[in-house]
Amino acid sequence: MELPPRWAFLLFLLLSSTKASGSAVDKEEFQEELLLKPLPDRKVLAHFHFETRAPPCNSNGRRHHHLFPKAISQMVEKFRVKEMELSFTQGRWNYERWGGFDTMSSNNAKPPGVELWAVFDVPKEQVDASWKNLTHTLSGLFCASINFLESSTMYSAPEWSFRQASGSLRYGMLPREAVCTENLTPWLKLLPCRDNAGLSALMDRPSIYTSFYHSQRLHLTSNASDLEGLNPGIVLEQTLTVVLHPSSQRTSLTHISESYLQPSWSLSSIFGRKVNGRCALAKSSKVYLQLERGLVSELEKNIGSEGYDVEANFELSVNPDRVLKEENSRHGIGSSLLYEFSVDKYSNSKPFDLGLTWKFPVIWSCQQAPLHAIRFLMGSGNERGAIAILLKSTDLNDSSPGADSASDGCELHVNIFQIVPWYIRVYYHSLQLFVDDQLKAVGAFVEKIHVMPSKDKISPGMMEMVLKLPCGVKSAALTLDFDKGFLHIDEYPPDANQGFDIPSAAISFPNFHASMHFPSNDSERESPMLSKFQESSPVLSYTEVLLVPLTTPDFSMPYNVITITCTVFALYFGSLLNVLRQRVGEKERLLKSKVFYWLDLHMYSAPDLCLSFLHLQLLL
């Protein structure tokens with residue numbers, strides 16, 4: 001039986017739309033991974049990594065999403081965002097104990113508060129307008145005060161020290177932004193399974209927000225080419241990095257050496273939950289346990305042999321599916337080990353609960369960046385002061401790539417990027433440089449510098465600098481003098497007496513790159529986190545947030561003036577109204593009538609009557 005032309009046309013449209021949506025489903029991917037790593041100070045690092053990929057637009061310029069969050073896709077298309085990163089961080093990453101020369105610290109260790117940077121694919125004159133619209137959108141999406149970054153006094157445009165973006169990059173920070181569960185809930189809603197299934201079900205709110213450090217990050221790239229030269233459309237990367245302190249299962253120490261024993265832990269002990277299988281929409285769901293290079297070297301010393309015999313020092317509650325050993329390890333420190341566990345074969349009846357129990361005590365240290373950065377304030381009073389950045393050697397620059405001390409003319413390059421609010425008026429001509437406690441000429445060690453002085457209530461101050469230091473340097477210090485400005489009374493925050501924050505400075509080392517390479521196979525190419533480890537990223541660290549006290553008016557004086565003024569007016573107008581409302585002679589007539597009425601009712605003697613009249617005369 002032949003269909004009418006109208007029904008045939010409708011059937012054709014239905015098949016076409018089904019085919020288009022089916023191709024989109026095939027190309028959209030979601031993967032979830034979790035990395036666990038013991039730290040030297042008896043803590044555990046948990047790093048959640050989620051990646052969602054959306055295909056490029058079809059011929060009609062539209063996308064049909066089934067896994068990718070529609071809100072992010074619309075935001076990218078409307079504001080033409082080429083690359084963006086947003087992070088919410090509580091606490092500060094301890095570079096000395098948790099490491100400063102690895103992919104984890106360089107990519108996921110963020111400054112306290114909110115950090116946002118974005119690269120736009122628009123003409124330069126439209127970048128500021130796109131930035132302001134983006135901040136308002138993210139503020140509503142994540143229930144945060146990101147819209148404060150729309151003001152020109154809160155963001156800057158770095159040229160080359162932070163990222164290369166040829167004028168299309170905008171960068172802003174909110175150091176005092178509080179991070180709470182209201183920011184995590186919208187972040188979880190971007191996941192296909194939210195926190196109902198998969199690895200995200202481990203995110204127990206009390207465990208996360210009572211940790212020593214936690215940072216949730218959102219990074220997206222649009223219209224960028226991947227390693228194979230293909231156009232992946234939009235790639236959304238969501239990470240949550242948490243540093244937890246597990247409670248040891250040992251109730252008492254039976255030997256003095258056990259005071260150095262790492263605490264035993266499991267997923268249920270640090271998160272209070274187990275993994276009941278993977279997310280049904282995830283392409284892959286894996287858990288990794290990493291033993292870093294320094295730890296593996298110490299374990300091999302205890303055993304006295306090489307290879308995988310390090311497992312004699314600890315016991316795992318679950319057998320790993322694979323054990324990966326790092327290739328091309330540098331610095332002579334050893335190779336890190338990665339234990340891989342697949343969550344696909346676990347379910348509600350058989351949950352996944354990875355546990356690590358140590359048998360022998362072990363002490364090790366994480367790999368450090370070539371220089372450890374410390375920033376602090378100098379001076380006293382509410383008028384002027386100075387900012388100092390101290391770079392101390394960690395004894396790594398003699399054995400690291402990019403710092404060949406045996407060669408003549410060896411140089412260690414350091415990039416410094418710093419933003420200062422407009423009310424901190426920095427005098428950049430007062431820059432002084434001390435190398436190994438000796439005052440040196442600035443031009444001899446500064447290879448490149450770019451300065452944008454602040455403008456009152458218009459733009460903050462920004463400094464980009466490249467230092468070239470000798471490889472054997474022990475310490476280097478920079479100082480900058482500044483004056484403290486005055487704010488209008490409406491510009492003070494509610495807690496003005498606490499002080500004002502100067503955002504963290506970014507210190508990077510372009511000659512030093514952190515990466516980890518594992519044996520390449522099809523499984524590794526499918527792992528977004530392992531692919532991220534293999535990318536060579538410059539070593540990056542952030543300094544402390546500075547707290548500057550400014551001259552603050554006495555906010556209680558307006559209240560005192562208002563109170564005293566209202567009291568005086570109340571007394572004056574109260575007395576005046578009382579006098580105006582009284583009638584002339586009414587009080588005297590009322591008093592006389594009461595006296596004569598009293599005399600008529602009572603009989604008095606002559607003396608009493610005289611006294612009564614005298615008393616009446618005195619009253620009148």
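What you see below is based on every heavy atom in this structure, not just the backbone, and it leaves out hydrogens, waters and symmetry mates. Computed from a predicted model, the values in this text were never measured in an experiment.
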Practice task
Quick one: list whatever passes side chain to side chain donor-acceptor pair (under 3.5 Å) with Ser508, sequence neighbours left out.
Solution key: none
Handout entry: Side chains of Leu86 and Phe142 in contact at under 4.5 Å (non-hydrogen atoms)
Key = yes
Handout entry: Gln290 and Tyr339 side chains, donor-acceptor separation under 3.5 Å
Key = no
Handout entry: Those residues that, when tested against Ser285, pass side-chain contact (heavy atoms from CB on, under 4.5 Å) (two or more places apart)
Key = Glu32, Leu199, Arg278, Val343, Asp344
Exercise for the section: Quick one: list whatever passes side chain to side chain donor-acceptor pair (under 3.5 Å) with Thr52, sequence neighbours left out. Expected result: none
Problem - Close side-chain approach of Tyr288 to Leu34, heavy-atom, < 4.5 Å - result: no
Exercise for the section: May I ask you to check whether Ser284 and Gln31 show a side-chain donor-acceptor distance below 3.5 Å? Expected result: yes
Exercise for the section: Look at the aromatic rings of Phe162 and Phe417 and report parallel, tilted or perpendicular, splitting at 30° and 60°. Expected result: tilted
Completion exercise
Rounded to the nearest 0.5 Å, the CG atom of Leu240 sits from the CD1 atom of Ile208 at a distance of 5.0 Å
Exercise for the section: Please name all residues satisfying side-chain contact (heavy atoms from CB on, under 4.5 Å) with Leu141, sequence neighbours left out, ordered by chain then number. Expected result: Ala71, Ile72
Completion exercise
Rounding to 0.5 Å, atoms OH (Tyr213) and CG (Leu45) come to a distance of 9.5 Å
Problem - Results of salt bridge (charged side-chain N to carboxylate O under 4.0 Å, His left out) for Lys189 - residues two or more places apart only - result: none
Exercise for the section: Check side chain to side chain donor-acceptor pair (under 3.5 Å) between Asn107 and all other residues, then give those that pass, not counting sequence neighbours. Expected result: none
Handout entry: Audit row: Arg42, Gln262, side chain to side chain donor-acceptor pair (under 3.5 Å) steps and yes/no
Key = CA-CA 6 Å; Arg42 301 171 59 86; Gln262 291 288 322; 5.9 Å; no
Practice task
Just grab all the salt bridge (Lys or Arg N to Asp or Glu O under 4.0 Å) pairs involving residues 98-109, residues at least two apart or on different chains.
Solution key: Lys37-Asp102
Exercise for the section: Please check if atom NZ in Lys392 has more than 12 non-hydrogen atoms from other residues, nucleotides or ligands closer than 6.0 Å. Expected result: no
Exercise for the section: Answer whether the closest heavy-atom distance between the side chains of Phe314 and Phe360 falls below 4.5 Å. Expected result: no
Practice task
State, with a plain yes or no, whether a side-chain heavy atom of Asn183 is found less than 4.5 Å away from one of Gln216.
Solution key: yes
Practice task
Look only at the side chain of Gln90 and the backbone of His214, and say whether a donor-acceptor pair between them is shorter than 3.5 Å.
Solution key: no
Problem - Cationic N near anionic O, under 4.0 Å, Arg205 to Asp195 - result: yes
Handout entry: Donor-acceptor pair, side chain of Glu464 and main chain of Trp160, under 3.5 angstrom
Key = yes
Handout entry: Listed partners of Asn94 passing side-chain contact (heavy atoms from CB on, under 4.5 Å), at least two apart
Key = Glu96, Arg97, Trp98
Exercise for the section: Not counting sequence neighbours, which residues clear side-chain contact (heavy atoms from CB on, under 4.5 Å) with Asp353? List them please. Expected result: Ser266, Leu267, Ser268, Lys274
Problem - Tyr209 and Phe88 aromatic centres sub-6.0 Å - result: no
Handout entry: Residue list, ring pair (Phe, Tyr, Trp, His ring centres under 6.0 Å) with Phe79, at least two apart or on another chain
Key = none
Problem - Lys/Arg-Asp/Glu bridge criterion (N-O < 4.0 Å) met for Glu544, Arg375 - result: no
Handout entry: Minimum side-chain heavy-atom gap Leu116-Tyr171 below 4.5 Å
Key = no
Practice task
Using the disulfide bond (SG atoms under 2.5 Å apart) rule, collect all pairs that involve residues 87-117, keeping only residues at least two apart or in two chains.
Solution key: none
Problem - Electrostatic pair Glu327:Lys325 at N-O distance under 4.0 angstrom - result: no
Problem - Test side chain to side chain donor-acceptor pair (under 3.5 Å) applied to Arg217 - qualifying residues, sequence neighbours left out - result: Glu85, Asn108, Glu237, Thr239
Problem - Exercise: do His517 and Glu326 side chains pair donor with acceptor under 3.5 Å - result: no
